[in-house]
Amino acid sequence: MNGYGGFTDWRLPNIDELKTLIINPSGTPRTKNCAVSEATGDLSYSSDWTCSTCTEACTQSSTGTGCSSCNGSSEGIYSKLGDGDVGLWSSSLRSDNSSYAWLVGFYYGNVSYDIIDNGNIVRCVR
C-alpha cells in the first residue's frame, strides 16, 4: 500500500496547529491567548496553562487552581470543523512530564493534556 490517500507524509499536528481549530460560540477564531505553544517552547502545565486563557467555555475558579462556570457543548460550537465532544491528540509533549501530551478538546473549546494512550482521537495532517 502506498499510504493513506496515496500519501506517506502524514503526521500528528502540534498543539499550535490544533489550537487554530478552536472557535468561540459566535463562530469567530478564539480570542483567548493560551500560552501553551510548541513555537515558543512553552509546554509546561504549571507555568503555561490557565483555565481563563486555555478554555472558551469556562472561567477561572475563585481558588485559581481550576475551572468553574463551564458551559460545554457536544454540538461542535467550539470547533472550526464542527467536531462535537472530541479530544484530538497533538504531537506536543508536556515539557514538565513527558508521559503526557497536549490535546485540544472541543466540548469546552480547550487546550488540555492527558496521559499518552488514553483513548483520544488523532487527526493527521500533511
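Just so it is clear, the model here is predicted, and its values are computed rather than measured.
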Tell me, do [X] and [Y] make a side-chain contact under 4.5 Å, heavy atoms counted?
X	Y	value
Val111	Arg30	yes
Leu12	Arg123	no
Asn33	Thr53	no
Val104	Ile22	yes
Ser92	Asn14	yes
Leu18	Asp16	no
Asn110	Cys54	no
Trp10	Tyr4	yes

Can you check whether Cys58 and Cys67 have SGs under 2.5 Å apart?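 Cystine link not detected, SG atoms outside the 2.5 Å cut.
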
Hydrophobic cluster membership, with links at side-chain heavy-atom distances under 4.5 Å among I/L/V/M/F/W/Y: are [X] and [Y] in one?
X	Y	value
Ile115	Leu43	yes
Ile116	Leu103	no
Trp89	Tyr45	no
Val36	Ile23	no
Ile121	Tyr78	no

Does either side chain, that of Asp42 or that of Ser37, offer a donor lying less than 3.5 Å from an acceptor on the other one? no

Between Asp48 and Ser44: side-chain donor-acceptor atoms closer than 3.5 Å: no

Nearest 0.5 angstrom please: [X] [atom1] to [Y] [atom2], how far?
X	Y	atom1	atom2	result
Ser46	Asn97	OG	CG	10.5 Å
Ser26	Ile77	OG	CD1	10.0 Å
Ser73	Tyr107	OG	OH	7.0 Å
Ser91	Ile15	OG	CD1	8.5 Å

I'd like to know if the side chain of Ser90 reaches the main chain of Trp102, judged simply by a donor and an acceptor atom lying under 3.5 Å from each other, with no hydrogens or angles considered. yes

Go through Thr50 and Thr55 one step at a time and tell me if the side chain to side chain contact (heavy atoms under 4.5 Å, CB included) criterion holds. CA-CA 8 Å; Thr50 68; Thr55 63; over 6 Å; no

Minimal heavy-atom distance between Gln60 and Ser68, with the atoms involved, is O-OG, 3.6 Å

May I have the step-by-step check of side chain to side chain contact (heavy atoms under 4.5 Å, CB included) for Leu21 and Phe106, ending in yes or no? CA-CA 9 Å; Leu21 299 178; Phe106 294 111; 3.9 Å; yes

Answer yes or no: are there more than 12 heavy-atom neighbours, outside Asp9 itself, under 6.0 Å from its atom CG?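 Enclosed.
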
Can you check salt bridge (Lys or Arg N to Asp or Glu O under 4.0 Å) on Glu17 and Arg11, steps first, answer last? CA-CA 12 Å; Glu17 293 168 312; Arg11 63 177 176 80; 2.8 Å; yes

Is the distance between the ring centroids of Tyr113 and Tyr100 under 6.0 Å?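 Ring-ring flag for Tyr113/Tyr100: true, centres closer than 6.0 Å.
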
Do the side chains of Lys19 and Glu38 get close enough for a salt bridge, i.e. N-O under 4.0 angstrom? no

